[in-house]
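Step one of this worksheet: look at the structure below.
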Amino acid sequence: MLDLKFIRDNIDAVRLNIKNKNESADVDQIPQLDEKRRSIIQEVEKLKNLRNVVSKEIAQLKKDGQNADDKIASMKDVSDNIKRLDDELRITEEQIYQVQLYIPNMTGPDVVAGKSAADNQIIRSWGDEYKKEVERNHIDIATDLAIIDFERGAKVSGSGFAFYRGKGAKLERALINFMLDYHLDNHGYTELMSPYLVNEKSMYGTGQLPKMAEDMYHAQEDNVYLIPTAEVPITNYHYDEMLPNEKLPIKYCGFSPCWRREAGSYGKEVRGFLRVHQFNKVEMVNFSRPDKSWEQLEILLSEAEDIVKALKLHYRVLRLCSGDTSFASSMTYDIEVWSPGEKNWLEVSSCSNFTDFQGRRANIRFRPEPNAKPEFIHTLNGSGLATSRIMVAMLEQYTDSDNCFHVPEALRKYTGFETISKND
RNA sequence: GGAGAGGUGGCAGAGUGGUUGAAUGUGGCGGUCUCGAAAACCGUUGUACGGGCAACUGUACCGAGGGUUCGAAUCCCUCCCUCUCCGCCA
């Protein structure tokens, strides 16, 4: 959410930003609604002041045993007017809020205006030496090794769901544990294991609602949502809180499955693990002072890169253009690994600075100095990493011509085995 | 799911219609005393919005939202949450 005062003072920039982000929000009605809001406040507060003063006079008169009927009668009208104006104010503020909810975060200074993924900037790439030519993609390999079962996933749950089986399941667990341990041991994170169902308020707090309602699984009976990312519970962990300045930045990481309906995305990149309704991810969340958040974003990105490097996978880093930068994000870096089977880049991490956008929605603040006014915190998060596409790249990268998968060095102490072959 | 109790300031805890933004305690901050500290004593200690260049000032906030009333922390309704007991259950 953007600050109302900011919108009022920067209406043109806000309008341009909406356009650059391919969003639609009718910001034009804000100035007059805000004007109306303020004039109502001034009027109603005058009346309330009058009411307070006269009420005290009435109390005094009664205490002195005198008659106060005249004053009470004269206040009746005032009271009715207050009620009417308060209603009007409430409606006006609700109208403003409903517009505000759909206004995206302002993009950061380094974000170029652009329409689509084609306009994203390539920042760097790494691990050229790990490129490899393969004939089979991850689906063939995994099916052949019987470590991932897409068919039965579809039978039991629907397309976009899969079973990990045998050594495949253990490999997945190894990957998750490796990533978590890496961040805990090397990057100073505190682990959070979170709820996977969250309430509506949390979804508004991080900005998934109201815009993304269609993309989430919703349990109507209890009005809770399956999380599309651990960002939601972990960021909202500090909902309505004042964070101690001396503890900043506060860094949490956590594993969770992620559920996404992916409504309307059929036909593209849906094969196998490329786009699924449920996948596993380790998420990193950072609560930062505003003056440090851009610096923290670079650190967060490097922490995610460390994982890909440790797995020795060829990857590149992109800075997303405005059109590709998500609703709540100010700036986002994507990490993409090379899939030899797809001959394409696959997104495995998104690292974003949300500035104060989520902090304002979720009311998470801190005090810059002991007696200073509270300010909204900056939040950042990044995948570190999503496993399904890492699994794609690993399977294609590390399976030899004899159809034997070699576990990457970094994962061996977690798997307890070094290879996976057909009859394991 | 059934029955009951409760949600007040950083925390604890008074307050059942009229100078209550809220007693009191405690914690925090500043000070006096002290070589220093403790104790004691004094002072101070919320947020949001509006107006004002500012000092300042107005309004609101006692779980949330409605209602009654000239006036609500206090009365009524709805919802949320916590706790206790019973039932069910991994």
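Throughout, a chain's letter reflects where its sequence line sits, starting with A, and its residues are numbered from 1.
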Q: Find the distance A:Asn81:CG to B:C70:C1' and express it as a whole number of Å.
A: 14 Å

Q. Using a cut-off of 4.0 Å on non-hydrogen atoms, how would the nucleic acid contact of A:Lys62 be classed: base, sugar-phosphate, or nothing?
A. base

Q: Could you work out the separation of B:C56 and B:C11 based on their C1' atoms and round it to a whole Å?
A: 32 Å

Q) Should the ring pair A:Phe161 and A:His277 be called parallel, tilted or perpendicular, given that the plane angle runs from 0 to 90° and is split at 30 and 60? A) tilted

Q) Between atom OH in A:Tyr97 and atom C1' in B:A48, what is the gap in whole Å? A) 15 Å

Q: Take atom P in B:G65 and the same atom in B:C80, then report the distance between them in whole Å.
A: 15 Å

Q.
Work out how far the P atom of B:A40 is from that of B:C83, and round it to whole angstrom.
A. 36 Å

(Q) Using whole Å, what does the distance between atom C1' of nucleotide B:A60 and atom CG of A:Leu47 come to? (A) 15 Å

Q. With both distances kept under 3.5 Å, what pairs with B:G65, Watson-Crick or G-U wobble?
A. B:C77

Q: Tell me what A:Ile41 touches on the nucleic acid: a base, only sugar-phosphate, or nothing, going by heavy atoms under 4.0 Å.
A: sugar-phosphate

**Q.** A:Asp334 (side chain) donor-acceptor with A:Glu347 (main chain) under 3.5 angstrom
**A.** no

Q) Does A:Lys48 make a side-chain N or O approach to OP1 or OP2 of B:U59 shorter than 4.0 Å? A) no

**Q.** Between B:U57 (P) and A:Gln42 (CD): distance, integer Å
**A.** 19 Å

Q) Could you state the CG-C1' distance from A:Asn223 to B:C79, rounded to the nearest angstrom? A) 13 Å

Q) What is the distance from CG of A:Leu61 to C1' of B:G18, rounded to the nearest Å? A) 12 Å

Q | Pairing partner of B:C41 (Watson-Crick or G-U wobble, both distances under 3.5 Å) | A | B:G31

Q | G-U wobble or Watson-Crick pairing nucleotide for B:G50 (cut-off 3.5 Å, both distances) | A | B:U57

Q. For B:G4, which nucleotide in any strand shown is its Watson-Crick or wobble partner with both distances under 3.5 Å?
A. B:C83

Q. Out of B:G50, B:G71, B:G58, which has the shortest distance to the side chain of A:Asn49?
A. B:G58

Q) Atom CG of A:Leu85 to atom P of B:C49: distance rounded to whole Å? A) 21 Å

(Q) Check this one for me: any side-chain N or O of A:Ser79 less than 4.0 Å away from OP1 or OP2 of B:G71? (A) yes

Using the 3.5 Å cut-off, write out each protein N or O paired with an N or O of nucleotides 61-67 of chain B and the distance between them.
none

Q.
Using a 3.5 Å distance criterion without hydrogens, assess whether the side chain of A:Asp144 forms a donor-acceptor pair with backbone atoms of A:Asp140.
A. no

Q: Report yes if at least one side-chain N or O of A:Asn52 is closer than 4.0 Å to OP1 or OP2 of B:U59; otherwise report no.
A: yes

Q) When you measure from the side chain of A:Lys76, which nucleotide among B:G50, B:C70, B:A48 comes out closest? A) B:C70

Q. Using a cut-off of less than 4.0 Å, is there contact between a side-chain N or O of A:Arg38 and OP1 or OP2 of B:G51?
A. yes

Q) Expressed as a whole number of Å, how far does the P atom of B:G6 sit from that of B:G13? A) 14 Å

Q: Report yes or no: does A:Asp149 contribute a side-chain atom to a donor-acceptor pair with the main-chain N or O of A:Arg152 at less than 3.5 Å?
A: yes

Q.
What's the gap between B:G7 and B:C76 when it is taken at their P atoms, as a whole Å value?
A. 14 Å

(Q) Taking only side-chain N and O atoms of A:Lys373, does any of them lie within less than 4.0 angstrom of OP1 or OP2 on B:A48? (A) yes

Q: Look at the aromatic rings of A:Tyr189 and A:His187 and report parallel, tilted or perpendicular, splitting at 30° and 60°.
A: perpendicular

Q) With both distances kept under 3.5 Å, what pairs with B:G25, Watson-Crick or G-U wobble? A) B:C11

Q) If pairing requires Watson-Crick or G-U wobble contacts with both distances under 3.5 Å, which nucleotide is the partner of B:A90? A) none

(Q) Can you check the distance between B:C81 and B:G43, where both ends of the measurement are the C1' atom (answer in whole Å)? (A) 38 Å

Q: Classify the ring geometry between A:His138 and A:Phe273 as parallel (under 30°), tilted (30 to 60°) or perpendicular (over 60°).
A: parallel

Q.
One thing to verify: whether A:Asp28 and A:Arg15 come together as a salt bridge, which I'm taking to mean a side-chain N less than 4.0 angstrom from a carboxylate O.
A. yes

Q | Contact nearer the 5' end of RNA chain B, comparing A:Pro374 with A:Met75 | A | A:Pro374

Q) Does NZ or CZ of A:Lys170 come closer than 6.0 Å to the centre of the six-membered ring of A:Phe417, within 45° of the ring's axis? A) no

Q: Look at the side chain of A:Glu45 against the base of B:G58 and say whether a donor-acceptor pair falls under 3.5 Å; ignore hydrogens and angles.
A: yes

Q.
For the C1' atoms, the ones on B:U8 and on B:G25, what distance do you get once it is rounded to whole angstrom?
A. 15 Å

Q.
Between A:Arg51 and B:U59, is there a contact of a side-chain N or O with OP1 or OP2 at under 4.0 Å?
A. no

Q) Using atom P of each nucleotide, how far apart are B:A60 and B:A22 to the nearest Å? A) 13 Å

Q: Using only heavy-atom distances, decide whether a donor-acceptor pair under 3.5 angstrom links the side-chain of A:Lys56 to the base of B:G18.
A: no

(Q) Hydrogens and angles aside, do A:Glu231 and A:Gln358 bring a side-chain donor and acceptor to less than 3.5 Å of each other? (A) yes

Q.
Could you check whether A:Arg389 pairs with A:Glu342 (Lys NZ or Arg NE/NH1/NH2 to Asp/Glu carboxylate O, under 4.0 Å)?
A. no

Q: Answer yes or no: does a side-chain N or O of A:Arg367 lie under 4.0 Å from OP1 or OP2 of B:C29?
A: no

Q. Salt bridge between A:Asp3 and A:Lys5, side-chain N to carboxylate O under 4.0 Å?
A. no

Q: Nearest whole angstrom, please: distance from the C1' of B:G50 to the CD of A:Glu35.
A: 13 Å

Q | Residue whose nearest RNA chain B nucleotide is more 5′ - A:Asp3 or A:Ile58 | A | A:Asp3

Q. Between B:A48, B:C70, B:G50, which nucleotide has the shortest distance from any of its atoms to the side chain of A:Ser55?
A. B:C70

